[in-house]
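This report concerns only the one structure given below.
Start at 1 with the first residue, then count along the sequence. This is a predicted model, so every value here is computed, not measured.
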Amino acid sequence: MAELAGLEDPRAREVNEKHGDDHGVNLGKLRAVAKRLKTQQDLSKELWDTGDTAARLLSLLICKPKAFGRDELDRMLREARTPKVQDWLVNYVVKKSPHCEDLRQEWFADADPVVASAGWALTSERVVKKPEGLALEQLLDTIEAEMKEAPDRLQWAMNHTLAQIGIEHPGLRARALGIGERLEVLKDYPTPPNCTSPFAPSWINEMVRRKAGT
């Protein structure tokens, strides 16, 4: 904890706090610490239990994803608080867990929009890697009905699923594009030069163009 405190950068904290993340540690330096520590599940749990955001991010880099129980992962997600911790927990741990699909289904239907956003993030992964068994048309129905008014983190995750359906499933592309155009979610999101806009129609068209090599 003392080492993490020594890595604190007020400017980094200022930038991170604009995105809801209450830490000021450069992520490259954090990864260097994790590389030195290597995998240490017991230390990972101790770091998580501090409640400190930088410590929790480090915890997720040195843990054993398959060592966590289902209920433990559910508790961790509900404790995560900040977007970066939730994002890393879902992407670096839950996606590698044997409990991933059970948690996806449970979180997807959760009344807490932050928890539900994790379910949608895992659904986006399945849209790309294992769409068999997913009711893609029903996902589009839900997105069309609910995404416009959804809270920010849930809206972002639903939008990601919309884009992935449009990119990966040509038969549903026209409908996905139409939903994106009608709802206009993230249409005006500030996007740096040479980066792809998160506005679903722009995102879909750009990724399809890249896949076609044009």
Taking side chain as C-beta onward, heavy atoms only, is K84 less than 4.5 Å from L27?
yes
Could you check whether any side-chain heavy atom of L162 comes within less than 4.5 Å of a side-chain heavy atom of W203, counting everything from C-beta outward?
no
Spell out, yes or no, whether L43 and L58 are grouped together once hydrophobic residues are joined by side-chain heavy atoms under 4.5 Å, including indirect joins.
yes
Any Lys/Arg nitrogen of E101 or K130 sitting under 4.0 Å from an Asp/Glu carboxylate oxygen of the other?
no
Does D87 offer a backbone N or O that forms a donor-acceptor pair with the side chain of N91 under 3.5 Å?
yes
Taking the side chain as every heavy atom from C-beta outward, state whether V33 and L7 have any pair of such atoms under 4.5 Å apart.
yes
Side chain to side chain contact (heavy atoms under 4.5 Å, CB included) between Q164 and L139, intermediate numbers included:
CA-CA 11 Å; Q164 294 295 6; L139 286 174; over 6 Å; no
Using a 4.5 Å cut-off on heavy atoms from C-beta on, say whether the side chain of K45 contacts that of E72.
yes
CG of L136 to CD1 of I143: how many Å apart, nearest 0.5 Å?
9.5 Å
Minimum heavy-atom distance between G166 and R173, given as atom pair plus value
O-NE, 2.7 Å
As an exercise, state the distance from CE of M76 to CG of D71, rounded to the nearest 0.5 Å.
13.0 Å
Closest non-hydrogen atom pair, V90 against A118
CG2-CB, 3.9 Å
CZ (R36) with more than 12 external heavy atoms under 6.0 Å
yes
Under 3.5 Å, is there a donor-acceptor pair between the side chain of R126 and the main chain of E132?
yes
For V25 and A54, which heavy atoms make the closest approach, and how far apart are they?
CG2-CB, 3.8 Å
When rounded to the nearest 0.5 angstrom, what is the spacing between NE2 in H160 and CD in E125?
8.5 Å
Shortest non-hydrogen contact between V185 and F199, atoms and distance:
O-CD1, 3.4 Å
Salt-bridge contact D74-R70 (side-chain N to carboxylate O under 4.0 Å)
no
Taken to the nearest 0.5 Å, the spacing of E206 CD from I167 CD1 works out to 9.5 Å
Co-membership, hydrophobic cluster, residues L172 and V128, 4.5 Å side-chain:
no
Within one Ile-Leu-Val-Met-Phe-Trp-Tyr cluster: L89 and F108, side-chain cutoff 4.5 Å:
no
Just to verify, what does K187 make a salt bridge (Lys or Arg N to Asp or Glu O under 4.0 Å) with, not counting sequence neighbours?
E184
Are L47 and L60 side-chain neighbours, meaning at least one heavy-atom pair lies under 4.5 Å?
no
Atom pair CG/CG of L61 and L30 - distance to nearest 0.5 Å
5.5 Å
Show me the donor-acceptor pairs, under 3.5 Å and distance only, between side chains in residues 152-159 and residues at least two apart or in other chains.
| from | atom 1 | to | atom 2 | distance (Å) |
| --- | --- | --- | --- | --- |
| R153 | NH1 | R81 | O | 3.4 |
| R153 | NH2 | Q86 | OE1 | 2.3 |
| Q155 | NE2 | M147 | O | 3.1 |
| Q155 | NE2 | K148 | O | 3.3 |
| N159 | ND2 | P198 | O | 2.7 |

Is there a side-chain contact between T191 and T196, using heavy atoms and a 4.5 Å cut-off?
no
Worked check of salt bridge (Lys or Arg N to Asp or Glu O under 4.0 Å) between E168 and K211:
CA-CA 10 Å; E168 300 293 336; K211 285 189 173 190; 3.0 Å; yes
hydrophobic_cluster_shared for Y189 and I179, side chain cutoff 4.5 Å:
yes
If you group Ile, Leu, Val, Met, Phe, Trp and Tyr whenever their side-chain heavy atoms sit less than 4.5 Å apart, what else falls in with V114?
none
Test K96 against F68 for side chain to side chain contact (heavy atoms under 4.5 Å, CB included), laying out the working first.
CA-CA 10 Å; K96 299 175 183 178; F68 292 104; over 6 Å; no
Salt bridge E3-K29, side-chain N to carboxylate O under 4.0 Å:
no
After noting the C-alpha distance and the side-chain angles of L73 and L77, does the key distance pass the side chain to side chain contact (heavy atoms under 4.5 Å, CB included) rule?
CA-CA 6 Å; L73 290 172; L77 181 81; over 6 Å; no
Side-chain heavy atoms under 4.5 angstrom apart, residues restricted to Ile, Leu, Val, Met, Phe, Trp, Tyr: same cluster for L103 and W120?
no
Would you say the side-chain atoms of S44 pair up with the backbone N or O of Q40, donor to acceptor, closer than 3.5 Å?
no
Heavy-atom distance under 4.5 Å between the side chains of R56 and H23, does that happen here?
no
Does the side chain of T39 reach to within under 4.5 Å of the side chain of I62, using non-hydrogen atoms?
no
Looking only at non-hydrogen atoms, find the nearest pair between S197 and L186 and report the distance.
OG-O, 4.4 Å
NZ (K66) and SG (C100) are apart, to the nearest 0.5 Å, by 11.5 Å
